[in-house]
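Worksheet: one structure, shown below.
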Amino acid sequence: MKRNRKSSLISGQMSSQRKNMTLLAVISLALGAAIVSQAGLLAEAVQRVFVEKAGLSSVSLLLGLLLAVMVVRTLLSYGNGKVGLRMAAAAKTNMRASVLKSLTRASIASTLRGQTGGKVSIALDAVDEADSYFSQYMPRMMEAALIPVLILVASFMLHANTGFIMLFTAPFIPLFMILVGLKTKNKSEEKYALMAEFSGTFLDSLQGLVTLKIFGRAHRQQQEIERSSLGFRDATMGILKIAFTNTFMLESIVMLSIGIVALELAIQLLVFKSMTFHTAFFVLLLVPEFYSLLKNTGTAFHNGRTSMGAVRKVEGILQETAEQGREADEEAGRADGIQLEVSQVFNPSMPPSIELDCLQFQYARDSFMVETGRISFGPGEHIAIVGKSGSGKTTLLHLIAGLLKPESGTVLVNGRPLSQYDENVWFKHISYITQHPYIFAGTLAENIGIGAGGSFTRAEIERAAEEAGLAALAAQLEHGLDTFVGEGGRGLSGGEKQRLALARAFLKRPLIILFDEPTVGLDLHTERVLQHSIAKLAQTATIITVAHRLYTIQKADKILFMDNGALADFGRHEELLERLPQYAEMVDVQRKGGLSS
Ligand code: ADP
């Protein structure tokens, strides 16, 4: 089953490129004809000039023809390469498009799974690696399938003995290559594993340089890098050793085969005098072409194998996302069968009501479980989620946001299950302000603009920045809102990043705000700015905060107290103080200045 799927991407590409494949076959046949004609013409010219002692003028036409055939041969070779490149370009575009399509189609929950780096490397590198399957392997294989046969037929017609020698020695070349291939396969897998280890160690060390220095581990890490780089070197040298021995053996086989043919020809020509010089020379010119084609096939085969590995990786990710997509579709289908339009459910001036209907969620079997029971939040209510670190607050927030799917139970938004909503429609109305918002490489203004999705004016961005308290920061910067931030740009402090996230929200004007309140103490000014901005955003939205500030908690319409995954109780501050001793204890700790996280 798996194997069938593996080749399906290649065969899919092949069938969509049937025209190019036919073109390759035609060019290869023409190339074979050119090779045979070139040898024939050259043999004829030598025969006339050296054996028959004809004047140069009498062979000028022949030489002209020979030159023309050589030019045609070069052009055909070039043409074959060109068709291969065209096929590779088309195949890569198609593959990249399907990878991107499947990744963008995947649900948010599934995109969060797995390594981002791995996905990027598949979308970019693996597809690139697949190039040589089409640009090298296919043209060479087509040549190898057609031209040697043509040469063999010509040789048999000219001198059957040579044909037999070629027929018997030729199989040794692929046979030998298979043997070497088997030997190098393990070695090259080992090399890739060592390469991955090496780059992993290197990246880790670079990213954690400050930590390593502080803990005095820099020297240890240096030794570690040295060790893994030496390991990688040894593996590479091992492969090179096999490759060089391989080339030497291969050349020996080819030389030996050509030698046998030449010896046989010489005996026929000189001892038995049973053939003309013309035929012998013709055959002798054809034979090296035959073997060199077979040798090229070996190299192409090796390239093809590497590319197949890459193609398999691409197929893997396509299959995985397709399965996840199916699951998501099934889930949506089970729930409703219809997708809701935004206008049907959301009133742009009215935050929705949210109801949690006995949600249950686990990251893994037998692990920590989040359970909520039944609870509803009215439009525009301010909800605070509190509890010890690790009690499931963030998990609950993600469940409400639809970033995680509950195993059982439903999140109802305006009375309808969240799964009925189109992901895009839902996320259009949500802002999630995390403690560590992601800042993309780009200007401040561009980073704010990400929040809105649609079209917006510069004035709107400036207003959002102003409302989020970013204007003062922008005023200090030489390029203002056009200053580069994120990777490679100016760094931003934690408080500045949150203000940027708030500016995104101000531009978007969401109906639901999910807010992960900072756990670390911010300076008084930043604290005020954040509080003020959040309060302003909350006027027109339902806001659900993972709260750490007593101020936020006291003002909340409902406080959800999480205890080891379970929603232990909910109510207003005073109510919980009265009936939940753990809550009273937590508040007491907060009052004394301790911080829960
Ligand atoms: P809180 O926000 O209250 O600190 P979280 O919701 O982040 O708690 O985490 C609750 C529990 O779930 C913790 O025990 C944590 O280790 C676990 N957890 C959080 N994220 C994951 C994840 N992606 N995979 C597995 N376990 C997780």
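Indexing begins at 1, ligand by ligand and atom by atom, following the structure's order. Position 1 is the first residue of the sequence; numbering continues from there.
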Check: Taking E355 for the side chain and V411 for the main chain, is one N or O donor matched with an acceptor at less than 3.5 Å?
Finding: no
Next item on the list: Run through I553, T545, I534 and flag the one making a side chain to side chain contact (heavy atoms under 4.5 Å, CB included) with E517.
Entry: T545
Next item on the list: Go through the steps to decide whether E224 and R220 satisfy the test salt bridge (Lys or Arg N to Asp or Glu O under 4.0 Å), and finish with yes or no.
Entry: CA-CA 6 Å; E224 188 62 18; R220 269 281 281 286; over 6 Å; no
Check: Has G390 got any heavy atom lying under 4.0 angstrom from an atom of ligand 1?
Finding: yes
Next item on the list: Flag the pair R96 and D128 as a salt bridge only when some basic side-chain nitrogen lies within less than 4.0 angstrom of an acidic carboxylate oxygen.
Entry: yes
Check: For ligand 1, which atoms sit closer than 4.0 Å to a heavy atom of K388?
Finding: 3 (O)
Checklist line | Per-atom contacts of ligand 1 with S389, taking only distances under 4.0 Å to non-hydrogen atoms | finding: 4 (O)
Next item on the list: Pick whichever of V386, T394, V370, V546 has a heavy atom sitting closest to atom 7 (O) of ligand 1.
Entry: T394
Notebook entry, point to check: What are the atoms of ligand 1, with element, lying closer than 4.0 Å to any heavy atom of T395?
Noted result: 5 (P), 6 (O), 9 (O), 10 (C)
Next item on the list: Among R579, H573, E578, find the one that has a side chain to side chain contact (heavy atoms under 4.5 Å, CB included) with E575.
Entry: R579
